[in-house]
Asks: 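Take a look at the following structure, please.
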Amino acid sequence: MDEWKPNPAVKPHKKRSWYLAWKYKLMNQRALRKLCQTGAVLFLLVTVIVNIKLILDTRRAAYEEEEESAQDYDDEMLNVEVPRHPVSNKKVLDVEVYSSRSKVYVAVDGTTVLEDEAREQGRGIHIIVLNQATGHVMAKRVFDTYSPHEDEAMVLFLNMVARGRILIFTIKDEGSFHLKDTAKNVLKSLGSQAAPFLSWRDMWTFVGKKGGEVYGEKHTKSPALSTWGDPVLLKTEVHLTSVEGHEDEQSFFSLVPWPDAELTRRRKRFCSKVEGYGSVCSCKDPTPIEFNPDPLKDNKVFDVPVAVIAGNRPNYLYRMLRSLLSAQGVNPQMITVFIDGYYEEPMDVVELFGLSGIQHTPISIKNARVSQHYKASLTATFNLFPDAKFAVVLEEDLDISVDFFSFLSQSIHLLEEDESLYCISAWNDQGYEHTAEDPSLLYRVETMPGLGWVLRKSLYKDELEPKWPTPEKLWDWDMWMRMPEQRKGRECIIPDISRSYHFGIVGLNMNGYFHEAYFKKHKFNTVPNVQLKNVESLRKDAYETEIHRLLGEAEVLDHSKNPCEDSFVPDTEGRVYVMFIRMEQEADFTTWTQLAKCLHIWDLDVRGNHKGLWRLFRKKNHFLVVGVPASPYSSKKPSSVTPIYMEPPAKEEGAVA
Amino acid sequence: MQKINKNVVLALLSLTSLVFLLFQLYYYKFYLSQKNGAVFSKVRGSQSGQDSTRWHVIRKFLGLISSHNIPVYLIDPLILGLVDKDIEQIRSSPGGPSPGCKYFCAQSDFTTFALLDKTWKHEVGLFRTAEKMGFQWLKIINKDPRLDGMDDLSGIEIPLHYIFKLASHAIHLVVFYERSGNYLWHGPLRLKQHMDRKFVPFRKLHFGRYPGAYEKPELVLVSIDDLKVQIPKNPSSFLEEMSHSRFLECRYREARAFFQLYPDDASLDAVEFRKKAKSLLHLAALTLNNLGVKFWLSSGTCLGWYRQCNVIPHSKDVDLGVFIRDYKADIIPAFQKAGLPLKHKFGKVEDSLELSFQGEDDVKLDIFFFYEEDDYIWNGGTQAKSGKKFKYLFPKFTLCWTEFVELKVHVPCETRQYVEANYGPDWKVPVKTWDWKSSPSNVQYNGVWPVDEWDDVIQVY
């Protein structure tokens with residue numbers, strides 16, 4: 001810089017000034033200097049402006065870049081955290097809870113979050129869980145504590161709710177008949193004064209924080225057996241914990257050492273929305289949501305779509321999906337959950353497990369609604385998996401056996417090859433603890449049990465779908481499928497020991513008594529990798545040979561004894577016995593129904609028969625029942641034996657269901 | 001002395017400014033060029049006029065895809081066009097280093113790949129890695145058409161297109177779905193309100209203007225410009241297929257509205273007829289496809305598709321249209337071989353040809369042959385007893401794919417005009433009595449066959 005030479009840029013000025021000076025002699029050196037100076041200053045100014053512009057431009061470009069990446073981020077985050085209700089800044093919630101014989105409702109800050117005034121529905125204790133920081137509804141349940149065992153479910157649920165949550169209780173109609181002391185004590189521990197004294201047809205509302213303060217409680221006694229307590233309306237205020245508390249929760253989740261980003265993302269999303277799923281949301285050793293069961297060798301059902309038919313019983317669905325995803329050989333990509341109605345919580349459960357779910361606008365009512373939901377689900381399944389030849393149909397209230405897919409993989413070729421088959425079902429209607437024994441044994445039966453079954457696409461597309469009962473018919477889909485017009489004499493393959501377990505107590509056709517009587521004692525296979533035996537003998541003709549062989553080796557029981565007595569069957573193991581009952585024609589099930597009743601197996605309609613023959617186990621012996629003379633196997637009856645006849649009780653009131 | 005100093009100072013300052021200015025200009029230029037992605041400019045493809053950026057972006061993309069085990073295949077029509085010319089050479093030399101960058105360096109703003117939906121599921125991880133590699137991405141989702149036909153399922157939205165952008169080049173990833181009828185379908189590309197309309201020049205994309213239907217392609221792994229990619233085994237037939245792949249979805253919503261007005265016939269007869277018509281249509285499609293004869297749903301069958309997305313139960317036959325230029329003498333023996341005897345043959349190849357085949361239990365398959373004129377298309381009809389000829393006129397139309405009773409079939413793209421020509425403006429109202437000689441609104445009397453030709457042009461079996 002020091003070696004400064006005459007600036008060429010200035011030279012023209014100089015020249016010009018000399019010229020000017022020469023032209024206008026009045027001008028002197030001063031004017032020249034001034035001109036030079038002004039030029040230099042102008043030049044400096046320009047430099048400054050350019051400088052500023054450059055700085056601005058660079059900064060803007062950098063900012064834009066930042067913003068772009070931020071937008072991508074936003075987009076992703078948007079999908080992750082969607083609050084259910086707009087978060088208000090208010091720190092106090094107005095809660096209104098109403099309990100009466102025919103109606104309950106809960107309103108939070110004027111928004112009705114529960115309203116149930118349907119007749120003959122929603123009996124029992126309704127519970128709502130609110131997030132203590134945001135006031136969001138995290139869970140909504142009803143426990144029909146008028147019926148047995150529902151109180152146990154309620155206790156289980158309450159134990160799973162995290163401390164600090166706000167709990168709202170209200171009774172509709174009746175909630176105390178089967179509310180045992182254990183449950184009352186749990187309610188008491190939550191701060192309820194009235195819980196220990198709840199009795200027949202009392203009305204009760206209660207709002208409290210789990211492990212904390214009580215916000216309000218109201219209780220009216222029922223004056224007489226035939227009347228209900230007066231309706232109660234509880235209005236109270238709930239103080240929300242500060243937002244920091246909420247943030248704590250968020251950061252708490254982010255600090256939790258849950259591995260695997262994708263799983264953690266799903267878990268976080270789930271835990272921020274719903275409550276009542278126990279250790280799914282605990283930070284230490286949370287319940288896994290991915291199971292990775294062993295794959296099956298040579299799995300023939302890996303590419304078979306699985307349709308899970310669900311309603312609004314999210315905790316059932318949770319249990320069901322857990323067992324399904326734990327079954328060996330499961331392929332999560334083939335599972336679709338069809339939810340009947342726009343319920344959020346079942347969808348949350350589906351997303352927790354990373355499965356795909358589809359919601360279905362409810363059409364029609366009650367049984368027809370279920371039936372339409374089935375049709376839509378099956379059609380959608382075959383649309384989504386156009387290559388599939390079969391579909392596995394499951395319901396949300398089933399436990400799935402660990403060898404469910406292994407069982408199907410070993411038997412599915414029969415459904416493909418044997419035209420006389422209608423379905424393969426995982427459920428044996430007569431397979432109770434005391435009547436099922438052999439996990440490797442299969443039967444052919446004329447009834448369609450449902451409860452976890454395989455449907456052939458051609459059967460659905462060519463026969464069932466076009467004729468499916470229309471919404472106004474109000475039919476049960478399963479009853480319809482069992483009708484001779486549909487079944488056309490075809491049979492289903494079932495296992496001796498069921499590969500599914502029906503745990504649902506709350507349901508359209510279901511209540512606690514019914515469940516206890518007919519489903520609770522059902523046998524359920526828990527042994528993995530059972531090798532089925534004689535699968536080929538399940539084919540139409542081979543099965544007849546098999547039955548004749550069995551009948552040939554069977555010992556005829558003493559028909560003079562009472563078949564209901566335990567002593568009817570000798571105290572042996574592993575033998576084959578046969579008894580003959582009277583069955584005048586194909587549809588005469590009088591004696592069978594009485595026998596089924598005293599054996600404590602399914603007696604509400606006839607299930608599990610094959611040409612007038614029933615196969616079950618008694619005292620670990622294979623026990624065959626042949627209806628004479630309607631059954632073609634009657635010829636096996638020794639002439640000396642008189643078929644047993646059992647008369648129905650004189651005054652029999654219809655079926656339970 | 002003082003004055004000189006002042007001048008010197010000023011001049012010095014000016015010079016420094018000038019130097020600064022030059023420096024800044026240089027810096028600015030450098031910054032800009034970096035932003036525009038000239039990062040790769042010195043790496044590959046020193047030949048001028050070639051886009052080596054593209055090659056690098058594709059290589060990065062293929063790396064991304066293979067790190068996530070996602071099987072994609074190349075469907076870019078421009079590249080496939082180039083590849084097709086050298087297909088033998090490319091197929092025979094797998095893996096060998098290629099001399100230059102011949103295909104992936106051709107100037108283009110984007111490259112198109114296809115992805116089969118059922119072969120992957122976990123997208124979250126993919127996007128995360130893509131971002132780490134510097135890609136910007138865009139996902140276009142829309143309703144699942146496979147559930148569209150169902151009255152009341154909340155159609156879940158499915159991804160139809162992805163666009164990955166790096167520097168000045170974009171990768172367009174088209175998602176193909178398998179649908180009933182054993183074919184692949186891709187959706188249209190429609191931007192939603194909030195989307196960045198300038199993300200890429202959407203209008204120039206080769207896929208997405210319309211939905212499309214394709215056969216499942218056979219793929220081969222080849223090495224092009226030192227990159228290993230899957231391509232359709234026969235690029236030229238893929239390109240040919242692409243040129244008329246446009247797909248029309250059935251109008252499910254209108255069909256629902258129709259059934260609200262006119263409840264569906266659920267009688268046993270209707271169920272039976274539909275079943276037979278469906279299997280007849282499947283058989284006919286199989287036979288004609290094997291012969292390579294292009295056909296479309298015509299008359300009542302087309303109306304059934306357009307109006308109610310199903311077979312009209314009282315229509316009693318299945319109608320197909322075929323351009324006379326596609327006529328093959330093998331058609332009759334092929335149908336006979338498939339178990340469908342010829343019932344009647346009217347007209348001749350030069351004029352008013354019509355074939356009828358007898359399906360199972362009185363369900364008839366009619367094949368009408370269409371003749372193209374300069375400004376309209378027509379087919380002919382013949383009355384057997386009088387030898388009278390009729391002519392049915394249609395406005396010109398092209399063919400689109402659609403799905404009907406679990407079959408991928410053609411229908412006229414301009415279906416409404418086609419149906420209206422045939423059935424008049426009241427086509428929405430079901431009519432049970434239909435006289436093919438007088439009811440159609442496009443029928444014209446066309447003279448009488450000369451008596452000496454009757455034996456040839458009126459054959460009834």
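What you see is a predicted model, and the numbers here were worked out from it, not measured in a lab. Just so you know, these numbers use all the heavy atoms, side chains as well, and skip hydrogens, waters and symmetry mates.
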Asks: Heavy-atom distance under 4.5 Å to chain A: side chain of Asp196(B), backbone, both or neither?
Replies: neither
Asks: Should Leu13(B) and Phe43(A) count as side-chain neighbours, where that means a heavy-atom distance under 4.5 Å?
Replies: no
Asks: More than 12 foreign heavy atoms under 6.0 Å from NZ of Lys316(B): is that the case here?
Replies: yes
Asks: Could you give the distance from CG (Asp144(B)) to OG (Ser356(A)), rounded to the nearest 0.5 Å?
Replies: 10.0 Å
Asks: As an exercise, state the distance from NZ of Lys278(B) to NZ of Lys461(A), rounded to the nearest 0.5 Å.
Replies: 6.0 Å
Asks: Can you tell me how far CZ of Arg146(B) sits from CZ of Phe385(A), rounded to the nearest 0.5 angstrom?
Replies: 7.5 Å
Asks: Within a 6.0 Å radius of atom CD on Glu485(A), are there more than 12 heavy atoms belonging to other residues, nucleotides or ligands?
Replies: yes
Asks: Taking side chain as everything from C-beta outward and backbone as N, CA, C, O, which of these in Phe382(A) sits under 4.5 Å from a heavy atom of chain B? Side chain, backbone, both or neither.
Replies: backbone
Asks: Give a yes or no answer on whether the side chain of Asn383(A) reaches the backbone of Leu147(B) with a donor-acceptor pair at less than 3.5 Å.
Replies: no
Asks: Which distance, rounded to the nearest 0.5 Å, do you find between the OG1 of Thr470(A) and the CG of Asp264(B)?
Replies: 10.5 Å
Asks: Given that the side chain runs from C-beta out, which part of Leu268(B) has a heavy atom under 4.5 Å from chain A: side chain, backbone, both or neither?
Replies: side chain
Asks: NZ of Lys198(B): more than 12 outside heavy atoms within 6.0 angstrom?
Replies: no
Asks: Among Val46(A), Leu384(A), Leu44(A), Asp462(A), single out the residue with the greatest number of heavy-atom pairs under 4.5 Å to chain B.
Replies: Leu384(A)
Asks: Name the region of Arg179(B), side chain, backbone, both or neither, that has any atom closer than 4.5 Å to a heavy atom of chain A.
Replies: backbone
Asks: For the pair Lys216(B) and Asp387(A), find out whether any cationic side-chain nitrogen is under 4.0 Å from an anionic carboxylate oxygen.
Replies: yes
Asks: To the nearest 0.5 angstrom, please state how far the CD atom of Glu463(A) sits from the NZ atom of Lys275(B).
Replies: 5.5 Å
